[in-house]
Each structure stands twice: as C-alpha cells, then as structure tokens.
Amino acid sequence: MDVYLNRTLELGQKIPYGASDFKLDVSHHTYYVGNPGRSGASFPVRLKAAVYCGETEVINLVAEVQPHTKAQAMGYLFKYEAGVAADEPDRILAYMGSNPAAAPVGELTFTAVGAYLMDQDAQVAYEHQRRGIATAMYQQAEALTGKPFLSRAGDVLTVDGAAFWGSPDRPFGVDALYSQPRRLLWINLADLLAAPLRELPRIVFDADRFTRSATGQRCIEMANNGAGPRVGLQEARIRGLVARGSEGRVESFVNDPHAPPKLMRSVLCSEQPPTLALSNPRGLPDPSITPPLALLNEEAREEVLHFIGRHLHALADLNALEVLHPLIRALSRQRQVHHERGDPDAIELAFEVRRVQSISVMTDMLEKEAEFRASRM
C-alpha cells in the first residue's frame, strides 16, 4: 500500500474517517488562516495529526479550529451546563481559577434553534470585563454544541451589544469562519500563516536597488523601447513600485504609497539564497513573486528578520511541509512502479530532516545579519 502527503488540510473538528494507523508529529505551533471575507482578519488552527488511511492511501493533515482565547490564557475556566427541562436554556459559566465552589464571573444562556444557536443573555462581572470572557463563552458554546450562533449584527441592541456583535474580528457567529468551516472545508498548505495577519511583516522593496538591478534595467529598457511597456512596468508594480521619469521616458522607480501591502508569509529555504513567500492583505498566497531578502529596504528587512527570529520553528515546519510534498509524490510514483509498500517512518524521517535543514538556514540568516550590523557599529 502506497502513501503520499496530501496537499490540502481538512478544516474541521474531527480526524478523518476510521482509526489511524499512525500519527505524525507535525508541529506544536498554532498556525493561522486568513479570513478572505475580512481584510486583515485571521483565525487560528492547529495541525492535529497526520493520519494514514488505508482506504484513500493518503496522509491527511487535519487543521483543527482553535477556540482558545485570551481569557483562557489569563486563567479563566469555562463550564457547560445543559438545560434540564425542555424550555430551559443551556448555559456557559466562566470562573476565575479552578475552584469549583467559587461563584461564576460570567454567564451565557442560549438555546438551539434548528442548526443554529440563539443567545438569550450574556453577563460578565464588571471587574472582569474587557478580558475576552464573553467572546470565549460564545466560542465555547459553538465548540461544544457544534452549532454556530446566528449573527446579531444589525439588531436593536445596547451600545455594548452592538459593538460586541459588530466587531470585524468577531470569531463566532454564522459569518465567521470559526463557525462555518464548510466555507473553507479544504485549505492549501500554502494558506497557513505562522502568525495572525496583523503581526505579519509588511514587505517594502528598495526602489533604488531594484532600479539598478538587472530586472529593473530590463523593465526600463522595455518601457522606453516600446517593446511591451505594460509588461516591462508590471515587474515593478507587483513589488509596489511605480515608474518616474520625464518626457515620456522611464528613468527610475519609486515606492508607491497607494500600493496594497504584501505580507511575509514564510521562507522558502530550498532556494539559494532563501526567498520569501508573500501574502496579499487578505492572507491568501501571492505567487507572483518570491523575492530574496536582500531586495527589501532596510526597515522591512529588519522587521522580517525579527519575525523569523520569533517564529523560527513554525516557519521551518511550514517550509518542511511545502518541500516534502513533491518529494513524497515522487516516492509514491516510484513505489507504484516497483509495487513497494509505503513506509510511514520514512515520511516522518524526511520531514524531520527537512525541518532541521530549514532551521539551520534561517539561523544562518539571522547570524549573518547580526555580524553585518556589528561590523557597521
């Protein structure tokens, strides 16, 4: 039986059908997926497991949506109480600490109406407000029942209620991807981000360096000689640059302040030198360009390097998954010819080797930059 690494991740709360033959330790890091319906918004997922399924001959990586909130990180715990009578609502109770005898500091009452949940009342003690407790209670209710809340945005609510439901980053309700995984049932490995969208470095190119580069000079020559000026200038536009000159001739390029930002998603360490994989403002991969780090301006370069330092292991895992995919597919084709059984241990070993290589490359990048800065002091 042959196995290969599936390119897509199942976005949901359950592991694929049947008992798994083995589990592959992919990563302990929480990744993020951009919300295409809300610019700048993203939601966390965890790579749950890699499961070998004998029926499909595929290793499925399961991306589990994470209901974890800042309230849980601050030590708040949540308890679900189902209504006893038919007309009694269910409740989510919030507690500070693990003392079961303590009084709850928050309470959410809700009922199920068909495939959805309807909230009746949500209360949080005044001294515990502004800590994400209400948001956490809604998320816990959705995670435990498997049903989403119907959005209250646009209803006649209190000022606080309207702000609560009108938040663009609200991680619950029918218009949020937490509660509608069917809208993105399958996501590509390339969609995974090492951090929330708002934390990703903005990529700004060094306009002077691009002008002097071979690509920049070729763009200028094509634009001025009439040999496809649109094609020549497109190379600059995808980098957020615009042409400058006089008398209808292009002389140089400058940064366009109105260009939509490109975000650094990951590092492709299989290249020499390593190149950056970019995302658009909505977190979707931008395959139009994978620039080397050296082409960024000094401020963007510094921001990218700090980001790599903070999320080195997560970026290394993403790189290992991306590079491992074609390798496993090649092994798959070879084994089909020779009728050999696939070895899950070989896949785990290949992943670990690629992870170590990626960490080594990124660590080397950080060390070289530190040496360069020390030499300028």
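Everything numeric here is computed off the predicted structure, so don't read it as measured data. Hydrogens, waters and symmetry mates play no part in the numbers below; they use all other heavy atoms, side chains included.
With Asp121 contributing its side chain and Thr109 its backbone, the two residues share no donor-acceptor pair below 3.5 Å.
The stretch residues 240-266 participates, sequence neighbours left out, in these salt bridge (Lys or Arg N to Asp or Glu O under 4.0 Å) pairs: Lys262-Asp286. Applying the salt bridge (Lys or Arg N to Asp or Glu O under 4.0 Å) test to every pair with at least one member in residues 84-96, sequence neighbours left out, gives these pairs: Glu81-Arg91, Arg91-Glu107. For residues 299-316, the set of pairs meeting the side-chain hydrogen bond (donor to acceptor under 3.5 Å, both in side chains) definition, not counting sequence neighbours, comprises Arg301-Glu369.
Atom CZ of Arg373 has more than 12 heavy atoms from other residues, nucleotides or ligands within 6.0 Å. Other residues, nucleotides and ligands contribute over 12 non-hydrogen atoms within 6.0 Å of the CD atom of Glu127.
A heavy-atom distance below 4.5 Å is found between the side chains of Ser270 and Arg354. Under the 4.5 Å side-chain criterion, counting only non-hydrogen atoms from C-beta, Leu276 is in contact with Leu293.
Checked for salt-bridge contact, Arg212 and Asp208 miss the test: no charged N lies under 4.0 Å from a carboxylate O.
Of all the heavy atoms in Leu193 and Leu318, the pair that sits closest is C-CD1, 4.3 Å. Taking all atoms of both residues into account, the shortest heavy-atom contact from Ser358 to Ala320 is OG-N, 4.3 Å. Scanning all heavy atoms of the two residues, the minimum distance from Val113 to Met118 falls at CG2-CG, 3.7 Å. Here the closest heavy-atom approach between residue Leu233 and residue Ala223 is recorded as CD2-CB, 4.0 Å.
Taking CG from Leu278 and CG from Asn280, the interatomic distance works out to 10.0 Å, rounded to the nearest 0.5 Å. Residue Glu322 holds its CD atom at 7.5 Å from CG of Leu268, rounded to the nearest 0.5 Å. Here the CD-CG distance, from Gln140 to Leu77, works out to 9.5 Å after rounding to the nearest 0.5 Å.
In this structure, the side chain to side chain donor-acceptor pair (under 3.5 Å) partners of Glu352, at least two apart in sequence or on a different chain, are Arg355. Applying the salt bridge (Lys or Arg N to Asp or Glu O under 4.0 Å) test to Arg239 and every residue at least two apart in sequence or in another chain returns Glu235. For Tyr31, the side chain to side chain donor-acceptor pair (under 3.5 Å) partners are Ser27, not counting sequence neighbours.
Note on ring orientation: taking the six-membered ring where Trp is involved, the planes of Tyr138 and Phe164 are tilted (angle from 30° to 60°).
Annotation: Phe253 is in aromatic contact with Phe210 [ring centroid separation under 6.0 Å].
Side-chain heavy atoms closer than 4.5 Å link hydrophobic residues (I, L, V, M, F, W, Y) into clusters, and following such links, even through other members, never connects Ile289 to Val204.
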